[in-house]
Amino acid sequence: MAGLSLSDIRSQETEAVEAVARCYHEPVKYSLCAMCNFGGLEEEIALKCPAPGFVLAFHKGDFIHIKQEYECDWLIGRVIGRDSGLGFIPSANLLQSVVRQRNAGSTEDLLAHIHVYSDTPISRPIIIMGPSLKGYELTDLLQKALVGHLKKQFSDRLMIIRPDASLSALTPKQASKFKNQIYEAGKNDKLVYLDCDASFPAEIISLNIHPIIVYIQISRLKVLRKLIRETCRDSTGREQLFSAAYRLYDLPPGEFSHVITDSNLEDACQNLELFIESYWVFTHPPLPPGLD
C-alpha cells in the first residue's frame, strides 16, 4: 500500500469488503488443507491485505474453502468449522514467505520450502472402517446397515464413488482416475461416500484425498470376540479378524474423524447421521444477515 493516499486505501478496502460480500453467493472453487499455522490479524503481513480486518486465522490441519483468487497474494475463502465467515487467506506464495521469515535463523530454516497447503476435494469423501476387516460378515453387515441409513437420510445429497478394483490392486493410471473422480464429485455440492475395501487408514493415505474416516468401534472386547466367533466359523479367519480389530482399536484417535461406540445399531445410525449432518452444515453455513 506504499505510495497510496488515504482515500485510495479506503477505496481499495471498500472494494475488497464488497468482493467478500459477493463471494457469499459464489460456489466454492477449490479446497485446501493448511499445512502450517497462520495467526490472521496477529501476523504482520495482515496489514498488507486489501481489507486487513478480514484476514482469517487458521491452524495446521484446518480445511479451507476458496471462493475467489482476489489478487496474486490473497484469496477469499472460509475456514471450515469456524464461525468466522468469509475473509482473506494468504496465497501459497505469500504464506511461504511468512513461513520462511518465521523460521529464519532457526534449525527449521531448512524446512521452509515445505508445502503450506495441500489440495483437498471440496467435499471430503466419507469412508467407514471397522470393527474389523472388510469382506467378513461382521464388518460388512454393520457397515451395510450404516450406509443404508445414509442413503435413506441423505438420498438427494449423497454420491457414491467406487474404484475399478481393490485399492491395493489399482494401477497408477486407475488410482489417478479414481482420485479425479473423487475431486470431480466434490464439485457437485454433494456428500461423497467412498465404497472401497480399505480396512485401515494407511491403505487410503497414498491417494491424498483427506477422507472423513468413521470408525465403528465395539469398545467391549468381550462382546467383540463373541461377535467374531458367531459370524466367522473359520479359525484362521477369526484370528485375522481379532488381529485387525485390535490393530484398529490401538490406533491413535487422530487417525479417525469420528468414532462410533454405540452398542445399539439404531443409536449408531443416528450418531452417524448427526455427524454427517454437522459436516454438511459446516460446509454450507447460513448466509449472514442482510446477505440472504
Side-chain angles (χ1 to χ4, degrees), residues 27-28 31 33 63 65 80-81 120-167 178-205 207-219 223-224 227 231 244-245 248-249 251 253-286:
V28 177
S31 184
C33 178
F63 292 91
H65 277 175
I80 302 303
T120 72
I122 292 175
S123 182
R124 295 168 59 203
I126 304 159
I127 303 176
I128 298 178
M129 296 184 179
S132 189
L133 292 173
K134 288 189 176 182
Y136 286 85
E137 185 178 357
L138 174 60
T139 299
D140 291 352
L141 284 176
L142 288 175
Q143 293 192 12
K144 182 179 180 180
L146 289 171
V147 174
H149 185 76
L150 287 182
K151 289 179 180 178
K152 181 180 178 180
Q153 298 303 123
F154 300 97
S155 58
D156 59 337
R157 289 183 279 166
L158 185 68
M159 292 184 65
I160 297 178
I161 304 294
R162 297 180 178 89
D164 293 334
S166 169
L167 290 183
F178 184 43
K179 180 178 178 178
N180 289 337
Q181 281 182 310
I182 294 169
Y183 273 77
E184 287 301 312
K187 297 177 181 178
N188 293 317
D189 200 29
K190 302 276 189 179
L191 294 165
V192 178
Y193 177 75
L194 191 55
D195 185 6
C196 66
D197 61 350
S199 293
F200 302 99
E203 296 174 354
I204 199 76
I205 194 171
L207 287 175
N208 192 33
I209 54 174
H210 298 273
I212 295 173
I213 302 178
V214 178
Y215 169 34
I216 310 171
Q217 182 188 85
I218 299 177
S219 53
V223 174
L224 175 63
L227 289 173
T231 58
L248 282 168
Y249 192 84
L251 287 175
E255 293 282 333
F256 306 107
S257 307
H258 188 59
V259 179
I260 296 176
T261 58
D262 302 273
S263 57
N264 180 281
L265 183 57
E266 184 177 347
D267 291 341
C269 288
Q270 184 68 17
N271 185 323
L272 178 61
E273 178 187 341
L274 291 174
F275 172 71
I276 298 302
E277 185 63 43
S278 68
Y279 173 70
W280 178 266
V281 172
F282 282 148
T283 55
H284 297 77

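Computed from a predicted model, the values in this text were never measured in an experiment.
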Would you list the atom pairs, donor with acceptor, under 3.5 Å between side chains in residues 254-262 and any protein atom, with sequence neighbours excluded?
unit_1	atom_1	unit_2	atom_2	d
S257	OG	I213	N	3.1
H258	NE2	N271	OD1	2.6
D262	OD2	N271	ND2	2.8

- Task: State whether E273 and K152 are salt-bridged, where the test is any N-O pair (Lys NZ or Arg NE/NH1/NH2 against Asp/Glu carboxylate O) under 4.0 Å.
- Result: no
- Distance-minimising heavy-atom pair for E266 and N264: N-OD1, 2.8 Å
- Task: Please round to the nearest 0.5 Å and tell me the distance separating atom CG of L150 and atom CD1 of I276.
- Result: 6.0 Å
Hey, can you pull the donor-acceptor pairs under 3.5 Å for the side chains in residues 181-189, sequence neighbours left out?
unit_1	atom_1	unit_2	atom_2	d
Y183	OH	D119	O	3.0
Y183	OH	N208	O	3.4
E184	OE2	K187	NZ	3.0
D189	OD1	H284	NE2	2.5

- Query: Which atom pair, heavy atoms only, marks the closest approach of Y193 to V147?
  - Reply: OH-CG2, 3.2 Å
- Item | Taking every non-hydrogen atom, the tightest pair across P201 and M129 | N-SD, 3.5 Å
- Note on the structure: The reported gap from CZ in F275 to CD1 in I212 (rounded to nearest 0.5 angstrom) is 5.5 Å
- Residues, nucleotides or ligands: over 12 heavy atoms within 6.0 Å of I205 CD1: no
- Note on the structure: CG (L207) and CG (L194) are apart, to the nearest 0.5 Å, by 8.0 Å
- Query: Of the non-hydrogen atoms in T120 and S31, which two are nearest, and what is the gap between them?
  - Reply: OG1-OG, 2.8 Å
- Message: Minimum heavy-atom separation for A245 and L224, please, with both atom names.
- Response: CB-CD2, 3.5 Å
- Message: Within this structure, what is the CG-CZ distance for the pair L251 and F200, rounded to the nearest 0.5 Å?
- Response: 7.5 Å
Output side-chain donor-acceptor pairs under 3.5 Å for residues 134-143, partner residues at least two apart or in another chain, one line each.
unit_1	atom_1	unit_2	atom_2	d
K134	NZ	I128	O	3.2
K134	NZ	C196	O	2.9
Y136	OH	Q240	OE1	2.8
T139	OG1	S132	N	3.2
T139	OG1	S132	O	3.3
T139	OG1	L133	O	2.9
D140	OD1	G135	N	3.0
D140	OD2	G135	N	3.4
Q143	NE2	I128	O	3.4
Q143	NE2	G130	O	3.0

- Task: Identify the heavy atoms of C269 and A145 that sit nearest to each other, and give their distance.
- Result: SG-O, 4.1 Å
- Query: Between F63 and T283, is a side chain to side chain contact (heavy atoms under 4.5 Å, CB included) present by the stated rule, with each step listed?
  - Reply: CA-CA 10 Å; F63 292 91; T283 55; over 6 Å; no
- Task: Determine whether I161 and F178 make a side-chain contact, defined as any pair of heavy atoms from C-beta on separated by less than 4.5 Å.
- Result: yes
- Message: Please check: side-chain N/O of Y279 versus main-chain N/O of R124, any donor-acceptor pairing under 3.5 Å?
- Response: yes
- Do side-chain atoms of H65 reach the backbone of I80 as a donor and acceptor pair under 3.5 angstrom? no
- Distance (rounded to the nearest 0.5 Å) between E277 CD and L191 CG: 8.0 Å
- Query: Do L248 and Q217 come close enough that some side-chain heavy atom pair is under 4.5 Å?
  - Reply: no
- Item | Value rounded to 0.5 Å, distance of CD1 in I204 from OG in S199 | 11.0 Å
